[in-house]
Amino acid sequence: MDGPLTGTDLDWYGDTGVDETASADRPTTPASRLGSPAMDDDDLALRLLRMLAENSPASELGAVEDSEARSLALRIRAAFDSRGRREAELTALVDTARDLAALRDPSGVLDAIVRRARALLGTDVSYLTLYDPVAGDTYMRATDGSVSADFQALRLTRGDGLGGLVAKTHKPYWSPDYPNDERFQHTGAIDHAVGDEGLISICGTPLLVEDQFVGVLFAANRSPRPFSADQVALLGSLAALAAVSIVQTRTAEEVRRHTLGVERAAAAHDRFAELVLAGGGVDDITKALGDLLGGWVVLVGSEGELLSSHGSVPLSDDEASALATSPIAREPGGTGRLAHDPTRDVWAVGVKAPQTALGVLALGGVGRLDDADQRTVERAAVVSALVLLFERTAAEAEQRVRTDLVSDLVGGRGEPQTLAARARSQGIDPTAPHVVLVAHADDATPRRTLLLAAHAAAGPGSVVGENDGHVVALLPSTEPQGAAAELARRLTSLGTVTVGAAGPVTLLEDVPAVWHEAVRTVGAMTALGLSGQGASATHLGFAGLVVGSEPNIGDYIRSQLGPLLDYDERRGSELVKTLRAYFDAGASPRHAATTLHVHVNTVSQRLERISSLLGSDWHQPDASLELQLALRLLRLSEGATPAT
């Protein structure tokens with residue numbers, strides 16, 4: 001038999017012994033045939049009516065001697081019983097519909113359905129499976145009377161077993177002896193679960209709403225027991241009510257979740273708006289997003305810099321920076337829509353203004369996000385873009401003020417009093433000594449990036465701007481060499497940054513001359529292969545004399561020959577003269593002794609003294625060059641004619 005079973009099973013009410021082919025409209029037997037007078041017939045009729053009215057059992061009706069009267073009474077009783085059963089079933093269905101309509105919890109609805117099915121059909125077990133559209137099968141969702149854990153975890157593939165056939169055909173099926181019923185496709189998993197539960201007779205009917213398949217409702221017994229057509233119809237009616245109730249409950253739950261999501265998104269929007277209106281920054285936005293959705297939040301700038309973070313971010317600095325150029329930030333995150341990276345459970349969305357990428361907002365540690373939560377993250381990205389634009393606009397406006405001040409100071413434009421007032425407005429003391437630094441970066445670093453980084457690295461009391469294509473910093477200091485070296489060190493993260501320094505000078509003095517010296521110094525450093533370092537003209541030695549705006553020859557001579565000059569002055573010795581003769585003689589002690597008219601041992605002793613005063617490496621090429629240049633400048637300053 002390929003289709004559903006028919007109602008050929010034993011009748012729900014058993015064998016009544018009534019001739020069901022007899023017609024209730026057949027004429028009654030005349031009183032003369034009862035063997036009793038007419039009055040006896042009336043008494044018998046009254047007796048039967050009284051018994052029917054008192055709901056006497058069929059056994060008492062069957063005891064009536066007159067066969068015709070007995071048969072008629074039993075047929076009337078069967079009709080009454082059938083009508084009573086149908087009224088009871090209809091009442092039960094109405095009660096079930098009312099009870100299901102009052103439930104809002106999806107799990108409560110399913111449990112109520114299987115309990116009512118078991119009670120109405122009087123079976124040992126009832127259970128319900130729901131359709132999984134992703135897996136394409138049905139899974140056990142609710143049971144009543146079940147004792148087997150394996151049975152309660154059963155999944156039914158379409159077509160397998162009785163329930164799988166119901167799911168495949170959307171028609172009811174039932175069997176009085178399922179384990180031995182070869183009409184169904186048995187599987188090891190299903191037979192094991194059914195056997196573990198001890199089920200023998202099973203009836204299953206589909207849960208349908210229009211063309212939507214919801215699941216299967218079952219009633220089963222642990223003994224062979226046929227299901228009548230009335231039982232199957234009753235289970236089908238209950239399944240119809242259950243299907244509608246399940247769909248309605250799901251819809252109500254979806255509406256509830258959507259409403260809650262809308263309310264949650266509106267609350268998030270209000271929260272973000274409050275933060276912006278209160279002057280909050282991106283740190284406030286990331287914290288608010290983390291508080292709303294949980295997990296961790298990170299905001300990375302368009303150049304990979306970390307702008308803000310909240311929570312325990314599991315990403316390394318390199319991983320966070322990589323978000324700025326990752327595909328998840330561009331497609332579809334770069335278009336303002338949220339994207340998900342399931343491998344790291346990271347949600348990311350591009351933070352952008354029209355035609356301008358500002359960064360990436362990433363959220364992690366939250367698992368699945370519903371539509372409302374996804375829109376909340378996207379809204380946070382939009383608000384973050386607005387905040388970043390506000391901050392960028394404010395920073396650019398402030399930077400323009402600083403740049404104008406720097407440009408006027410190094411260009412010598414404006415009245416001193418006006419320049420002093422503008423400097424004070426930027427928190428700078430115009431009367432304090434400042435060094436002028438000029439920073440150059442390699443071609444890979446944009447000038448604007450260098451400008452912002454230099455501003456952050458310069459520290460309080462300083463001003464950073466641009467002039468003639470150069471990034472210029474005026475720092476409160478009296479040590480140009482130390483200031484240049486420190487600024488270059490702080491900017492190493494940008495790549496190769498070279499810093500030239502000059503000064504010190506007050507901002508009301510001749511800043512333009514010092515500025516030009518700093519520009520020449522950074523150019524000389526690049527030419528000398530000193531890129532990536534910081535230095536002043538004085539620190540460059542003889543090269544500093546070339547690039548300096550006002551070379552201080554005396555300071556240079558003393559920086560090289562000071563210990564020898566002091567020694568000669570105290571002792572009346574001739575160490576400087578001996579060193580000059582030594583170099584003039586091609587670094588030959590013997591030829592130097594001849595020039596000085598002394599013994600060669602005397603020259604050797606003097607050279608040893610020079611080593612103790614200048615250091616043992618004075619005769620190395622670099623130091624030797626500096627010493628010879630200092631000696632030449634000393635001779636020129638004394639009015640002597642240099643040797644040719």
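Numbers here are sequence positions counted from 1.
- Heavy-atom minimum distance, Pro589 versus Ala587: CD-O, 3.6 Å.
- Contact check on Arg570 versus Asp566 returns no salt bridge, with no Lys/Arg side-chain nitrogen under 4.0 Å from an Asp/Glu carboxylate oxygen.
- By the 4.5 Å heavy-atom criterion applied to side chains, Thr445 and Leu491 are not counted as neighbours.
- Few gaps surround CZ on Arg580; more than 12 heavy atoms of other groups in view lie less than 6.0 Å from it.
- Few gaps surround CD on Gln481; more than 12 heavy atoms of other groups in view lie less than 6.0 Å from it.
- Between the side chain of Ser462 and the backbone N or O of Gly459, at least one donor-acceptor pair lies under 3.5 Å.
- Remark: side-chain polar atoms of Arg606 are not paired, donor with acceptor, to backbone N or O of Thr578 under 3.5 angstrom.
- The CG atom of Leu474 sits 11.0 Å away from atom OG1 of Thr506, with the distance rounded to the nearest 0.5 Å.
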Check the pair Leu388, Leu307 against side chain to side chain contact (heavy atoms under 4.5 Å, CB included), reporting the backbone distance first and the verdict last.
CA-CA 10 Å; Leu388 290 176; Leu307 299 180; 3.9 Å; yes
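- Ring geometry, Trp515 versus His470: the interplanar angle exceeds 60°, so the pair is classed perpendicular (tilted spans 30 to 60°).
- Residues Pro480 and Ser536 approach most closely at CB-CB, 4.0 Å, considering heavy atoms.
- Between Arg379 atom CZ and Asp373 atom CG the span is 11.0 Å, to the nearest 0.5 Å.
- The two residues Val497 and Ala441 come nearest to each other via the heavy atoms CG2-CB, 4.1 Å.
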Which donor-acceptor pairs under 3.5 Å do side chains of residues 407-422 form with protein atoms, sequence neighbours excluded?
residue: Ser407; atom: OG; partner: Arg413; partner atom: NH2; Å: 2.6
residue: Ser407; atom: OG; partner: Asn467; partner atom: OD1; Å: 3.0
residue: Asp408; atom: OD1; partner: Arg413; partner atom: NE; Å: 3.4
residue: Asp408; atom: OD2; partner: Arg422; partner atom: NH1; Å: 2.7
residue: Asp408; atom: OD2; partner: Arg422; partner atom: NH2; Å: 3.1
residue: Arg413; atom: NH2; partner: Ser407; partner atom: O; Å: 2.9
residue: Arg422; atom: NH2; partner: Asp404; partner atom: O; Å: 3.4

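- You'll find the side chain of Leu361 reaches within 4.5 Å of the side chain of Leu289, heavy atoms only.
- A pairwise comparison of heavy atoms in Leu494 and Ala453 identifies CD1-CB, 3.5 Å as the closest pair.
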Verdict with reasoning, Glu486 to Arg489, per salt bridge (charged side-chain N to carboxylate O under 4.0 Å, His left out):
CA-CA 5 Å; Glu486 178 63 17; Arg489 184 189 67 79; 2.5 Å; yes
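- Residues Gly503 and Val514 share a closest heavy-atom pair of N-CG1, 3.5 Å.
- The structure places OH of Tyr567 at 10.5 Å from CD1 of Ile610, a figure rounded to the nearest 0.5 Å.
- For Arg375, the salt bridge (Lys or Arg N to Asp or Glu O under 4.0 Å) partners are Glu378, not counting sequence neighbours.
- Residues Leu561 and Leu627 are in side-chain contact: their nearest non-hydrogen atoms beyond the backbone lie under 4.5 Å apart.
- Residue-environment remark: CZ (Arg609) stays at or below the threshold of 12 foreign heavy atoms within 6.0 Å.
- Residues Val471 and Arg447 form a side-chain contact, since some pair of their non-hydrogen atoms from C-beta on lies under 4.5 Å apart.
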Would you check, one step at a time, whether the test side chain to side chain contact (heavy atoms under 4.5 Å, CB included) holds for Thr521 with Val438?
CA-CA 9 Å; Thr521 299; Val438 174; over 6 Å; no
Indicate every side-chain donor-acceptor pair of residues 426-434 with a distance under 3.5 Å to a residue at least two apart or in another chain.
residue: Asp429; atom: OD1; partner: Thr431; partner atom: N; Å: 3.1
residue: Asp429; atom: OD1; partner: Thr431; partner atom: OG1; Å: 2.7
residue: Asp429; atom: OD2; partner: Thr431; partner atom: OG1; Å: 3.4
residue: His434; atom: ND1; partner: Ala432; partner atom: O; Å: 2.8

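- The shortest distance between side-chain heavy atoms of Trp296 and Val346 falls below 4.5 Å.
- Put simply, the residue from Asp283, Asp291, Asp284 that forms a salt bridge (charged side-chain N to carboxylate O under 4.0 Å, His left out) with Lys287 is Asp291.
- In the model, Ser624 has a side-chain atom that pairs as donor or acceptor with a side-chain atom of Gln628 under 3.5 Å.
- Pairs passing the ring-ring contact (aromatic ring centres under 6.0 Å, His included) check and including a residue from residues 405-432, sequence neighbours excluded, do not occur.
- Taking the side chain to side chain contact (heavy atoms under 4.5 Å, CB included) definition, one finds that Thr595 meets it with nothing, sequence neighbours left out.
- To the nearest 0.5 Å, the span separating CG on Leu579 from NE2 on His619 amounts to 11.5 Å.
- Counting only heavy atoms from C-beta outward, the side chains of Ile285 and Ser308 never approach each other to under 4.5 Å.
- Proximity of Leu292 to Phe272: side-chain heavy atoms (C-beta onward) are separated by under 4.5 Å at one or more points.
- Nearest heavy-atom pair across Ala439 and Leu450 is O-CD2, 3.7 Å.
- In this view, Asp468 satisfies the side-chain hydrogen bond (donor to acceptor under 3.5 Å, both in side chains) rule with no residue, not counting sequence neighbours.
- Distance CZ/Phe583 to CG/Leu631: 6.5 Å, rounded to 0.5 Å.
- For the pair Leu607/Trp618, a side-chain contact is recorded, criterion being any heavy-atom separation below 4.5 Å from C-beta on.
- A donor-acceptor pair is defined here as one N or O able to donate and one able to accept, closer than 3.5 Å; such a pair exists between the side chain of Asp568 and the backbone of Val576.
- Here CG of Leu629 is found 11.0 Å from CG of Leu634. Values are rounded to the nearest 0.5 Å.
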